[in-house]
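Shown next, in structure tokens, is the structure this report addresses.
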Amino acid sequence: MLELKHIVKKYDEKVILNDISLTVEDGEIISILGPSGGGKTTLLNVILGITPLSGGQLLYKGEDLSRVPMQKRGFNIVFQDYALFPNLTAYQNIVYGLRNKPGIATKEEVADLIRLLDLQDHVDKRISQLSGGQKQRVALARTLVMKPKILLLDEPLSALDGVIKESIKERIRTIAKQYHLTTIIVTHDPEEALTLSHRVLILNGGKIAQFDTPDNIIHAPKDDFIKKFILSQLQIKRDNIYKLFEPGAMPAARQAQ
Ligand SMILES: Nc1ncnc2c1ncn2[C@@H]1O[C@H](COP(=O)(O)OP(=O)(O)OP(=O)(O)O)[C@@H](O)[C@H]1O
């Protein structure tokens with residue numbers, strides 16, 4: 001269990017995270033959602049340990065990690081740009097971290113992950129020869145071989161298109177379930193957050209606007225901010241898609257001709 005207690009982060013005197021308290025259960029998938037500048041990445045970095053706290057406490061399984069450096073926390077992140085080594089093959093990237101920690105994953109475990117992420121046909125390719133979705137899966141595999149206690153993902157789907165996005169979402173779900181891995185994901189997309197996670201943390205101006213199940217966010221939004229910025233975005237998307245399927249529907253651009 002990960003516990004955040006009254007977390008505060010300030011840059012100079014500007015408060016970026018304002019009294020964040022919450023608990024994440026083992027194996028849960030949590031999305032952090034909210035408008036730009038709301039503090040999503042800062043919170044992810046605070047959990048990872050690359051951004052020091054200004055106040056509050058972070059505990060994992062009851063142990064206070066607030067001042068424990070990133071390398072000793074045992075959490076791991078997949079960055080938005082994947083941060084892969086371009087001159088190495090996919091396989092060399094996947095096993096790179098094992099150089100410093102040999103024995104953390106066996107060859108069979110690495111092979112299992114490669115199969116789980118459907119990368120068998122791509123392991124010998126260089127990074128430049130991979131598609132965006134394949135790079136994302138290599139980045140996931142590279143992080144997972146290190147057996148993180150918590151997996152952090154920064155906008156893992158934002159660079160991917162529809163079908164690939166759904167397949168990566170499915171894999172994230174499978175991995176979290178199979179490895180009972182607590183997974184925390186930053187996203188700015190309400191649909192992604194609500195369809196992928198067990199609970200969604202909505203941040204607004206560095207404060208918790210709502211931390212709840214997708215069902216409760218949809219059916220019992222806490223305030224007008226949630227209604228306006230989260231639900232109305234989804235409704236517009238839904239209405240647009242419904243309209244497309246109406247008999248005789250024509251794209252707006254053609255109607256205007
Ligand atoms: N190193 C820093 N020094 C000063 N201010 C910072 C620093 N990092 C972030 N901030 C500020 O903290 C606030 C929150 O930034 P953060 O990146 O956490 O937001 P976000 O919700 O992830 O936004 P986005 O969706 O645009 O990535 C912003 O106002 C940003 O300018």
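Both counts, for ligands and for their atoms, begin at 1 and track the order of listing.
- Within 4.0 Å of ligand 1, contacts by protein heavy atoms are made from Tyr11, Lys14, Ile16, Pro35, Ser36, Gly37, Gly38, Gly39, Lys40, Thr41, Thr42.
- For the residue pair Lys169 and Thr195, a side-chain donor N or O sits within less than 3.5 Å of a side-chain acceptor on the partner.
- Applying the ring pair (Phe, Tyr, Trp, His ring centres under 6.0 Å) test to every pair with at least one member in residues 44-78, sequence neighbours left out, gives these pairs: Tyr60-Phe75.
- Under 3.5 Å, the side chains of Gln57 and Ser66 contain no donor-acceptor pair of N or O atoms.
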Anything under 3.5 Å between a donor and an acceptor, one on a side chain of residues 128-140, the other on a protein residue two or more places apart or in another chain? List them.
{"from": "Gln129", "atom 1": "OE1", "to": "Arg126", "atom 2": "N", "distance (Å)": "2.8"}
{"from": "Ser131", "atom 1": "OG", "to": "Gln134", "atom 2": "N", "distance (Å)": "3.2"}
{"from": "Ser131", "atom 1": "OG", "to": "Gln134", "atom 2": "OE1", "distance (Å)": "3.3"}
{"from": "Gln134", "atom 1": "OE1", "to": "Ser131", "atom 2": "N", "distance (Å)": "2.8"}
{"from": "Gln134", "atom 1": "NE2", "to": "His122", "atom 2": "NE2", "distance (Å)": "3.4"}
{"from": "Gln136", "atom 1": "NE2", "to": "Pro156", "atom 2": "O", "distance (Å)": "2.4"}
{"from": "Arg137", "atom 1": "NE", "to": "Gly133", "atom 2": "O", "distance (Å)": "3.4"}
{"from": "Arg137", "atom 1": "NH1", "to": "Leu117", "atom 2": "O", "distance (Å)": "2.9"}
{"from": "Arg137", "atom 1": "NH1", "to": "Asp118", "atom 2": "O", "distance (Å)": "3.0"}

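- Note that the CG atom of Leu234 and the CZ atom of Phe229 stand 14.0 Å from one another [nearest 0.5 Å].
- Through direct or relayed side-chain contacts under 4.5 Å between Ile, Leu, Val, Met, Phe, Trp and Tyr, Leu88 connects to Phe85, Tyr96.
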